[in-house]
Structures are given as C-alpha cells and as structure tokens.
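One-based numbering along the sequence shown.
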Amino acid sequence: MTTQNQLRAYKYFSGTILLIAGMLVWGLFTYSSEPEIKESQPTHSKMFQKEYNIFSLPVPQNPTFAGEPVPIERSYIRESLDRELLVNTYWQSQTLLFIKRAAKYFPLIEPILKKEGVPDDFKYLALAESALIMRASSPAGAKGPWQFMRGAAIDYGLEVNREVDERYHLEKSTEAACRFLKSSYEKFGSWTLAAAAYNAGRSHVLSELDRQKTNNYYDLLLNEETGRYVFRIIAIKEIIEDPEKYGFHVKEEDLYYMPETYTVQVDSSVSNFADFAISYGISYKELKDLNPWLRDNKLTNSRGKPYHIKLPVDTSFSRDAETEPDSLTAVSAAGDY
C-alpha cells in the first residue's frame, strides 16, 4: 500500500514538473520574440531617418573678406572654410544668437567703421570675438565686445580702472579697434593680415611672415586658433548675410533690438548709481545694461571729466529740468557717447 502511494506521488510530482517546464519554455519563446510591427507603423529607425537629416554645405565660389579675395581654388583653403561653415551652421543655437544680436548691435558698429575708413566686414570680427556679449570676458583677461586686453586698451585710448572700463563701451571700443586695425593695415598692406594680427598680435604675425618668407595670410602655417580665425569670420559673414541659404529662418519680430535712448552728461561724482537710476525712473539693472562700462556702484570723478550715460527714452519719469540732479546736463543727440 505504501509502495502504491509512493508511486502515485512520484507520478503526480513528475507530471507537475513537466507542466511547469513546458510553461517556462512556452513563455521563453513567446516573450523573447520580436513584437509584430504593422506596416503602417514605421520603426524608430525609419522615423529617425525620415525626420532627421544632415546635409553637407555648398562652399561659396567667390568669397571675399574686406574686399580681398579668398583663394578658394586651393583645396586646403576650401577645406578650411568648409569646416567653419559646418561648425557655425550646425551649432544652431549659437548662430541663431549671432543673427539676433547682429540686428541689435551692427547698426551701432557700422557707422563707426565707415567713419574710420575700416571695411564693413570687420563687424563680423567683433561677432567672432565676443558673440557681441557686452560683458564678455576671456580666461586670458580680454574684455568687452572687441576683447581688448588691458594694456592694449590703454594704448589705444580707452580708460580702464575699477570704476570705468571702456573696453565694455561698444562705441568707444569700436573706435579703439579701428585704430588698431588701421595701424595693422599700414604695417601689412592687407586687411586679412590685419584681422589675423588682431587675434595673434602684430609681432607674432610679422615674425611668421618673415620666417615662412611670404606676405599672404593664406600661405601661412599658424597655430590652430589663428589659422582658423579668418575662416571663421568669413563663415559667419556668409551665414549672417544669407541665413536662409544655411537653414536659418528668423522672423523680424524675433530679432533683438536696441531700445531708443538719450544721454545725460555727468561731470562730477555719483555717490550711488542705484539712487541715480531711480532718479531717472529706471532700475539699476537697466542703467548697467545700457552702460556696462560703469563697473562700480559709484563714480568718484575727482577731475570733473565729462561722461555720457545712456538712459532709455521709454520711461514714465518726467525729465523736467527741475527734477534732474544739478550735476547732470541732458544731451539729446542720438549717437552721443
């Protein structure tokens, strides 16, 4: 009797084991197979290939910089320009900001370049240097939209101290950049070499021209930064001048703009620029955004030097003569600085 019960238990146990094993095998094959995909539902890969595409770019046939031809017929010149076109086209967010800021600041830079006799293309050098961020500062200590080092800024007539740093003054730093560029052009006889010298310094460019026995930027073997520098400026110029050709579509209302301003002349000290701003019906931030060259909360000005401070026209504050501080003289001419 005991043997029969043991036999039944063994059969029952064996059958249960086989049933469980069968279910496991069935589940393994059922759930490890790929799910059925309907023809009407494209795979992720097909969707990616359909919706996302990267294209090579046409290299301009007759590019110029500052009226000087770029020898695009040379393969290494063509490759260098192509590289910068690709980098600046496919760094979309940065280039979109270039386009928007150019609309805001180029109208202030262009008349100064024209007045100083510097080719208009040099506005793209400022864009390449700082992305036209007025408070731009490099790890090496270059400051402002034209990225002047302290010594060079002082050499070219800019005031640089704890309270005032005109490297951040767009108009004055543009004038200083023009003086440097014209001096470099007189030295090299080439605006392209003047642009290279803006990046690497005149003495370095002169020594490389002498060492490599050439007088042409495009024949020079330079360090990575300076070797790419002019090509980057040319690429930015190409994109900004015809953005839709490179896939950038920016509505006019999406561009940045400079608010309408007037100026006041300050020829004495200012003890607190927050109070100064409030007296003109604006915030401290608005004051500093329009005048980033004011580096402190005060202006000592012990020698009575006249400074012209921009203020926005769009303010509810009434600029009646009796409400203006005695030390200020309103200057209403547009473009004064």
Side-chain angles (χ1 to χ4, degrees), residues 101 105-106 108-109 112-113 115-116 118 122-188 191 193-208 222-230 232-233 263 265-267 269-270 273 284-285 287-310 336-337:
R101 292 194 191 115
Y105 293 114
F106 277 2
L108 299 177
I109 294 173
I112 297 174
L113 296 176
K115 179 187 73 173
E116 296 291 335
V118 173
F122 278 95
K123 64 192 179 189
Y124 299 108
L125 183 149
L127 195 53
E129 281 284 339
S130 66
L132 290 179
I133 297 172
M134 293 299 108
R135 294 186 177 92
S137 179
S138 79
K143 310 287 186 183
W146 289 90
Q147 289 290 276
F148 271 102
M149 297 295 287
R150 178 186 176 89
I154 294 171
D155 288 344
Y156 283 90
L158 297 178
E159 181 178 350
V160 180
N161 56 55
R162 192 172 63 83
E163 293 184 347
V164 172
D165 191 337
E166 291 179 335
R167 291 178 292 178
Y168 298 98
H169 193 302
L170 178 59
E171 293 91 343
K172 288 192 175 184
S173 64
T174 300
E175 289 180 339
C178 286
R179 288 191 284 273
F180 177 92
L181 292 166
K182 287 191 292 185
S183 177
S184 296
Y185 181 74
E186 290 173 6
K187 177 75 69 176
F188 298 116
W191 288 114
L193 283 170
Y198 197 91
N199 176 257
R202 273 197 294 261
S203 60
H204 178 72
V205 171
L206 280 168
S207 67
E208 288 302 314
L222 297 164
N223 63 63
E224 177 78 358
E225 181 182 346
T226 309
R228 294 179 62 179
Y229 187 71
V230 172
R232 183 167 186 244
I233 296 169
T263 63
Q265 179 175 293
V266 176
D267 54 15
S269 64
V270 176
F273 274 119
Y284 180 79
K285 183 181 187 305
L287 175 69
K288 286 302 189 84
D289 281 349
L290 285 172
N291 304 276
W293 52 275
L294 294 170
R295 304 306 297 170
D296 205 341
N297 190 42
K298 66 181 188 301
L299 182 65
T300 303
N301 198 14
S302 57
R303 295 193 296 177
K305 179 180 177 178
Y307 293 95
H308 294 92
I309 297 177
K310 289 182 180 179
D336 286 348
Y337 48 86

For the NZ atom on Lys305, are there more than 12 heavy atoms of other groups (residues, nucleotides or ligands in this structure) within a distance under 6.0 Å? yes
Could you go through Tyr229 and Leu125, starting from their C-alpha distance and side-chain angles, then the distance that decides it, and tell me whether this counts as side-chain contact (heavy atoms from CB on, under 4.5 Å)? CA-CA 9 Å; Tyr229 187 71; Leu125 183 149; 3.3 Å; yes
Those residues at least two apart in sequence (or on a different chain) that pass salt bridge (Lys or Arg N to Asp or Glu O under 4.0 Å) with Arg101 are none
Please examine the side chains of Trp293 and Ile309, heavy atoms only from C-beta on, and report whether any two atoms are closer than 4.5 Å. yes
Arg295 and Lys288: which non-hydrogen atoms are nearest, and at how many Å? C-NZ, 4.2 Å
Any idea which heavy atoms bring Ala128 and Arg232 closest together, and the distance? O-NH1, 2.9 Å
Write out all pairs satisfying salt bridge (charged side-chain N to carboxylate O under 4.0 Å, His left out) with one or both partners inside residues 131-151, taking only residues at least two apart or from two chains. Arg135-Asp289
Of all pairs that satisfy salt bridge (charged side-chain N to carboxylate O under 4.0 Å, His left out), the ones with a partner from residues 177-186, not counting sequence neighbours: Glu116-Lys182
Any salt bridge linking Glu159 with Lys172? Criterion: basic side-chain nitrogen under 4.0 Å from a carboxylate oxygen. no
Just wondering, do Tyr124 and Phe106 contact through their side chains at under 4.5 Å, heavy atoms? yes
Note: Thr226 and Ala200 closest approach over all heavy atoms is OG1-CB, 3.5 Å
Heavy-atom check, side chain of Phe188 versus side chain of Leu206, under 4.5 Å: yes
Going by the rule side-chain hydrogen bond (donor to acceptor under 3.5 Å, both in side chains), which residues pair with Lys298 if we only count those two or more places apart in sequence or in a different chain? Asp296
Only counting residues at least two apart or in another chain, list the ones meeting ring-ring contact (aromatic ring centres under 6.0 Å, His included) with Phe180. Tyr156, Tyr198
With sequence neighbours left out, write down each residue that passes side-chain hydrogen bond (donor to acceptor under 3.5 Å, both in side chains) with Asn301, or none if nothing qualifies. none
Note: Met149 and Gly141 closest approach over all heavy atoms is SD-C, 3.7 Å
